[in-house]
Every structure is written in structure tokens, then in C-alpha cells.
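Below is one structure, written out as C-alpha cells; the observations come after it.
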Amino acid sequence: MDSQPSPSSGRFESSPSTIKNTPFLTKSISDASSSSPHSQSLASILNNPHAGKSDGFWWWSTSSSIPTPDFLPLSTLPKPGSETRVPDFQSYLSSISDPYARFHDIQQHARFESLEDQDDQNALVACLKEVPALYFKEDFELEDGATFKAACPFRTTAENLVTQEKLSQYLDVVELHLVREISLRSNSFFEAQGQLEDLNSKIVQGCDRIRELKETIKLLDDNLVGSARKVQELNVQRSELISHQDKLNLILYVNQALSTLKLLVASADCAGALDVIDDLQHLLDGDELAGLHCFRHVRDQLAASIDSIDSILSAEFMRISIHGAGNVDALSTSKFKVQKTISMNGEGHEVKLDEEDTYNLRDRLLPFVIGLLRTAKLPAVLRIYHDTLTADMKTAIKMAVEELLRVLGAQPMDSDFVAGERAVDADGGSSSLASRLRSLSPECFVHLLKAVFLIVQAHLAQASEVKRAIEWILCHLDGHYAADSVAAAIALGAVASETAHETVDQVNSSLQLSVQRNSSKVSSAHGNGNEGITSSTLSRNFRADVLRENAEAVFAACDAAHGRWAKILGVRSPIHPRLRLQEFLNIYNITQEFITATEKIGGRLGYSIRGTLQSQAKAFIDFQHESRMAKMRAILDQENWAEIDVPDEFQTIVTSLFCSESETRELADEVSADIAPSIRKMVLGDGSPTAEARLQKISQNAQHTDSTPRSESTAQSNETNSRERGKSSARLLFFRGVGYHMVNCGLILVKMLSECIEMNNSLPGLSSEVVHRVVEILKLFNTRTCQLVLGAGAMQVSGLKSITSKHLALASQVISFTYTIIPELKRILFLKVPETRKALLILEVDRVAQDYKVHRDEIHSKLVQIMRERLLVHLRGLPQIVESWNRPENTDTQPSQFARSITKEVGLLQRVLSRTLHELDVQAIFRQVVIIFHSQISEAFSHLDISSEHVKKRMYCDVQHIIACIRSLPSDSKSNPPNWGQLDEFVAKNFGEEVGQ
């Protein structure tokens, strides 16, 4: 049976055994297909729908002619306007009729072959069923013991014969089926073999033709192209040799550059070394050294050289920037040791480099700054400089304190409380640094602070000059010979810094890199402008980074100095509140000067040291306030409410604090001639220091008042009064032309208020606290005075037998003086108070002033009440006196004991009050006394029986005596006659005729 083409590819199928037995044919086909450029595969030939009739031998048709298929007309209705007919497709049908015939033949052949294959497969299945599967295994070998036992058991001879018979049958079955298969494929095999032999002959002919063409080409190459090709090869060889020579020269240059680099680094020529490194880095970044194995370590060598150069530049920068201030430390310490003091009067403690030193510093720093800029290490070096400068500042202060304590520790201590603060270590017997600082007297401690201030200023002045030099190099180098070098160094450093950052943070993907390359290739023109902008931005950012680190270093040094200073103050925090005001102000003022000077250099506020100073000032105010409160309580409890002469110093205090210059001149004219010059000297300022010395002496005496026994204090007071009366001194305390009688506690209050005002002026940041403390002192004085005088508490605590009108008048004078100066006190204190706290403090001060006014009015009311009580006492004995007038033996024509006693007591009260109180206060008091006398006496006389002529005359005599006394009393009444009242009406009603006679 003829073989048919494959339905899928159109190729012929051949038996594997047939192909295996024709090696020469297979080799010929492969050679021909490889050697002939025009060879085609069988698939391409069979699948060509337009193949000619000459290719028909590849196909076998079941019929000689294939009818053209008839196509039915389209069932769908044509579109409107379409007139397409079947004949219109005739040309298309004629062009595809042959390919369609072949396609139909292939389909028929495929169905026929599938049926035969099914039959063959059935035959093979039957064969496999007859022959055991053991004999069809790929690894079937009788040499294998297991296989041999399975195929030939050899139990008995009969079984052996049966097995041989079966094997013969199996062989016959297999041969039968093989022969059948070969017979089915024999025709196709021999036809294909013949066609392959024809193809092989054609391939051999083609190879011969190719051989001839090659020989022809060879002849042409030898005769025509050879010489030109030789020239070309020589040119190529020459170019390669030149390239090799350039490469060798480059190798020589790199080798020499590396040797030179080592010498430059060894000789610390950083600028030359950086130039060599830049050249070598440029070569490494290019392709010149690519592939040279000998230079595989050059990049590492350059990195090591750059590190060495950075170390050299950093060390030199540190040496120039920091270690120049060490000589100033030693000089300051030695100067202090020799002089034992340092004058800080605002003139000589500012350390500043002269112009020549400034220029020298700039010139010395310039090459190292440029080098560090080129390597992009200047920010890192400045951070190291930041740490080193801070540590150096702390070390310098600590060493200076230790050196100065050795000198100051040997000086005698003049403060009583310092002795109690000395602390000695129990182990070695030597006092620690903190205890030695606490053991210093205030004066010595101020000297130590001054020395530390000088040392800190020396270091900060050096750091400030370094900062200005770096800023000058980076920003103000226009017109200088190194301006171009600095600009180039900044550009290189900016690029290097950005490259380092990109290396650390590189997370770019390959897609992003490819996009960037494509965009850079497409828009190269725009890329140049962008690179310029990027370079400028990088340089600006790099310069800003350097300037920021430069400023941070100086600020860190100031902050370290603030921390050390605050630590020194903190060690003595238990001592400073107990200092005298001037001693504390010395420490406070020098600390303020230190803060101002360092903040000016650092450019920022020092919050830590300001907080420390503020807290110590607050503690000082609190402690001083508590001591004043305790002192005032003790003084008030010891007060005997006796009038004392006002010393000149207290008048000077009041005049200088509360009076203007014109008021001072007016007061100087009013007071005595001896006291006036001292006031003028203090207020007008003739430069005499005696007044200040006297004030300090008075303050010391006042501070020791609470520790002096009352009797001793009274004796000293009396002795002082007697001495002062011998002199021409002011007895009163004048304020705005008005004199006030004072007692001891009133003068102490004046002294305390003056100290508070001085504290308020010296500590403006705590002015509101001072005002609050002043209010508390005024409240205490007012409340305690009221308890002692009006409440008669002085009879228990001071030993007074009674509270007299003199005591009340003096208390009224002290209260009136305090009430009078409160507005001026408020004006002075509130000059420093912040606006946010003024409203609340004004309310407190006004409330205290109102309390003082009420207290004064209550004292005046108390005086009136005393006179009223005395009058009532005498009025209770008046009926007995009138009864005695009716006796015949009573012929006395003088005023009665009642009239004489009451007028005597009123006159005594008038004399006491007139000498002590102001005229207006006396008038106000006696106005009320006059009213009481008129009402009480007239009422009492109206109830008496005066029918007797003798009694009437005696009563008239008493009334006249009392009215005369009333007329003489001071009063603001504008009646005529003065102090006219109910008693005058009583006289006019009962004694009208007698009065007229």
C-alpha cells in the first residue's frame, strides 16, 4: 500500500529502521542542506500553496482530476445598492482551486491513514499480548541473572524444551509483524531513497561549484587585494602599537604619580598631594586604566592617602584653632598668683586679638581650610573641633579653678558663716574641690570668677576669631589671590559630599538607571544647564553646612562655659542666699557680665546659666525676706515705743530714695544747718564716700539689733540720744517737707525698704518678687504694730505698764509716714515690674495702703476714745461736787476739781499730740473731742439742780473754765467764736443775764 502524506505537516513518514539503514543518504542530505545556501526544508516546499506543476511528484492523488467545488450563493440578503454576483468571484476561485485540491487530497489521505494506523496498532497490541512484556523491555539482557531466571527457569528438561519452543514462537510472531510493517512502508522508503540520491548528486555539484568560486576568489585576493590588505593590516598594527605605547606611558605616569604622592604625603604637602590625587581620580573615573591588573589597588591607595591628608589637615587645623589659647590660661593664672586679685572694672577684661594677629590667623588657616574643603571633610573636622573645643574649655576652667584655689585657700576668711561650710574629707584630710569652693569668702570667690571669666574670654576670643576667619574664607574672599581656589575647592567638596551621600543611600533600580541614561542621551543640551544649576545648589548647600557647623562649635564652647560657671555657682548655692546684698550683687553682676559677653560671642541665649542665676537670685530674695521678717518681728516685740532722734544717715536714705533734687534743696533749707550739708553731699553727689560708709555701719547695727538684749538696746538708744542732742542733728524724719517723729522699728523699716529698693534695682528680673516681699513686710509691720499698740500687746512683750497717748501718737506718726511713702515706693518699685504682673501687684499695694490709712484712723479714734472715757470718769463724780456746793461752808469761788481735772487732761493731750502729730491730724482729733465735750458736759449739766444762787455761780464758773479750754483747743471749725457748740447754747439758755453782766 502506498504511503500518504502527514495530515499535519505534509511530510512523508518513513520507518525508523529504514532511515537507520541508510547512513550515507542521511549524511548527504545534511551536508547538502548545510553547504547549499539555497536549500529548502521539506516543510517549506510542501506548505507552499503556489508551487508549480513540477513539484507534483511530491504528492499522490487518489484521483486524476479534482472537481472544482461549487459555492452556493449567499443566503443573506445583499445590502441595498449591492449588485455582487457569483461570477465576480471567478478569478479568486480559479487562483485557489489547485491549493484547495491538494488540501482536499491531504484530508482524504489523513482519514485513510488513521484507519490503517488503527489497524496496525491493533496488530501490534495483539503481538504484545502474545509475547510477554519481559522481552520488550529496553534493558532486556540475558546476561543479567534475574532476567535469565525469569526467561529460562530450567526446572526440568521438558520445561526447557517447552521454553525453547515458546521462544521460537515468540520470534516468529515478531518477525511476522516486522515483515508486515516493512511491506507496508517499502514503497515509500525506496521512493524517498531515490529522491535523496538525486538531491545528494545536486548537492555534490553545488559543492564543486563553490570550490571553484573559492579558488577564483583566492586568485583575485592574491593578485588584486593582497597588497592593499597588507597595508591595512600594518596600519592596524601601527595603531595598536601606538595605543600600547600610550598605555605604557600612562602606566609610567601613574607609577610616578603614586611615588610622588607618597613623598608629598610624607612631607605634609597637602595641596600638591590633593592635586595628584585629583589627576589619578580623574584617570580612574575614565576608561584609561580599565583592565590594567597592576592598578587594581590604586583606588584603595588613593583612599588611604586621602585619609592621611585629612588627618594632617585636621591636626594642623586643631593646632592653630585651639592650642593658641593655652598660653593665655597660664598667663592669667600666673598674673592672679602674683597680684592675688584681678580688677574687673569693665575696661581690662575683654580679650581680643589685634589686627595683625587676625591676619596671621587667617593666612595660617587658609591652606588647611581649602584642603579640607576639597576633601569635603571640613564639616566633619568642625564637628571634631566642636567636641575638642568644648572639652578644652571644660578642662581649662577646671584646671584654673584648682590652681586658683591653692592661692585663695591660704587667704584668711572674713565671713562668719564660711567657717561652718568648711568640709574636710575624712579619708585623706584634704578638702574636696566643692568644699574648698564653699569655704571661700565672697570676695575671694568673686576674684576666682573674674579669673575664670578672663580665661573663658581668652578661649572664646580665639574661637570667635577662628569662626570669623572661616566665614571670611568662605564668603568674603572677593579679590583675594585664593578666591578661585576656594571656589573650586567648595565645588569639589560639594560634589564629593553628595557622592558620599549617594553611595550610602544608593537604592536605585536598573530601570531607573536606564531611564536616566536615555533621558541624558535624548536631552543632552538641557542636561548642561541642569548640571550647572545642580552644581550651584550643591555648592550653596555645602557652604551652608560648613557655616552651620562653624557657628555650632562656638556656641557649644559658650554653652560649655555656661555649664561650668553654673556648676561653680551651684556648689555654693547653700551659701549665696546668706550673703549680704552687696556681696551677692558682686557675684550676680559678674555673672551677668559673663552671660552677656559669652552670648555676644556665641550668638544665642544661654538658658541653663540664666536659669541657675535666676534660681539663686530667687533663693537670695526668699532668704533675705525671711530674715527680714524674723528681724522685724523681733524688733517690734522689743520696741518700747519711745521717740528717738533720727540719725543723718536715715534722713539721707529717705531723701535720696523718695525725693527729687528740687525737693531735696527745699528740705535742705528747712532742716538744720548741720544736717543739710550731708544731705546735699549724698543727693547732689559730691563724691564723698563717707555717707555710704555710714549707711553700711547703720545697716550692720540694724542687723545686730535682734541679737542685742532689750535693756542694753534701750540704754544704748538713750545714750545715743543724749549724745545726738549735744550735736545739732535732726530729730524728725522729713519727707517732702513734712517731719515725722520716729521710733526704732520705723527706722529699721525704712532701712529694710531701702534695701528692697536697692535689690529691686539690682535684680530687675525679679522685680515682681521683690514687690511681693515688700508688700508682705508692710503687712507684717502694720498688723504687728496694731496688735502691740492698739491691742496693747506691747504691755506683755515689751514690759510697758500702759499704752499712753504718746505711744499712740508715735505709732500714728510711723504709720502715717509709711502710708505717705507707699505711693512713691510703688512708683519706684514698679519701674522694673513686667506689664503682665503690674495689675495684680498694684491691687496688693493699694490694699496695703488702705490698711495703713485705716490703722491711722483707728489710732486717732483711739485717742478720741481715751479722752471720752476720761470725761465720762469725771462726769460720774460731778453730782457729788454739786452737792458739796450746797453746803454753807463751801465759799470757794475757783473752778471745781471736775473742771480743773478735765481741762488739765485735755491740755496735756493737746501738748502731747501737738508735739507729735501733724497739725491737721491734731485738728481732726480735737474736732471730735470738742463735739464730745459739748454734748456730754451740756447733757450732764442739764440734769443738775441749779436752783440755788450759789450753785449757779459755781456751775457758771466751771462752765466758763471749760469753754475757755475748748476755745483754746486746735480745730478746723470755722465758727465764731471757735469751737462753738451745745455747751455755749446751754450757757446762753441758763446764764444769759449773768453772761451779759
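The minimum heavy-atom distance between Ala899 and Thr903, with the atom names listed, is O-OG1, 2.7 Å. Pairing each heavy atom of Cys965 with each of Val906, the nearest pair is SG-CG1, 4.1 Å. Listed here is the closest heavy atom pair of Gln910 and Pro970: NE2-CD, 3.4 Å.
If you check the side chains of Arg847 and Gln850, you find no donor sitting under 3.5 Å from an acceptor. Side-chain contact annotation: His772 with Glu776, donor-acceptor N/O pair under 3.5 Å present. A donor-acceptor contact closer than 3.5 angstrom is absent between the side chains of His918 and Ser816. A donor-acceptor pair shorter than 3.5 Å cannot be found between the side chains of Gln928 and His860.
Environment of NZ in Lys953: sparse, with no more than 12 heavy atoms of neighbouring residues, nucleotides or ligands closer than 6.0 Å. The number of heavy-atom neighbours closer than 6.0 Å to CD of Glu985, taken from other residues, nucleotides and ligands shown, is above 12. In this structure, Lys838 places its NZ atom where more than 12 heavy-atom neighbours from other residues, nucleotides or ligands lie under 6.0 Å away.
Between Phe650 and Met742, every side-chain heavy-atom pair lies at or beyond the 4.5 Å cut-off. At least one side-chain heavy atom of Gln651 sits under 4.5 Å from a side-chain heavy atom of Leu733. Val774 places none of its side-chain heavy atoms less than 4.5 Å from the side chain of Met752.
Of the possible polar contacts, one joining the Glu583 side chain to the Arg580 backbone as a donor-acceptor pair under 3.5 Å is found. Remark: the backbone N or O of Met795 is not paired with any side-chain donor or acceptor of Ser798 at under 3.5 angstrom. Under a 3.5 Å cut-off, the side chain of Ser767 and the backbone N or O of Pro764 do not form any donor-acceptor pair.
A distance of 12.5 Å separates CD1 in Ile621 from CD in Gln616, rounded to the nearest 0.5 Å. Separating the OG1 atom in Thr804 from the CD1 atom in Ile866 is a distance of 8.0 Å, to the nearest 0.5 Å.
Taking the six-membered ring where the residue is Trp, Phe898 and Phe941 present perpendicular rings, their angle passing 60° and hence far from 30°.
A salt bridge between Arg900 and Asp958 is absent, with no side-chain N of the basic residue lying under 4.0 Å from a carboxylate O of the acidic one. At a threshold of 4.0 Å, the pair Lys751-Glu649 does not count as salt-bridged, since none of the basic side-chain nitrogens sits closer than that to a carboxylate oxygen.
A centroid separation of 6.0 Å or more is found between the aromatic rings of His741 and Phe817.
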- [ ] Would you sort out whether Ser812 and Leu917 count as a side chain to side chain contact (heavy atoms under 4.5 Å, CB included), showing the intermediate values?
- [x] CA-CA 8 Å; Ser812 174; Leu917 298 181; 3.7 Å; yes
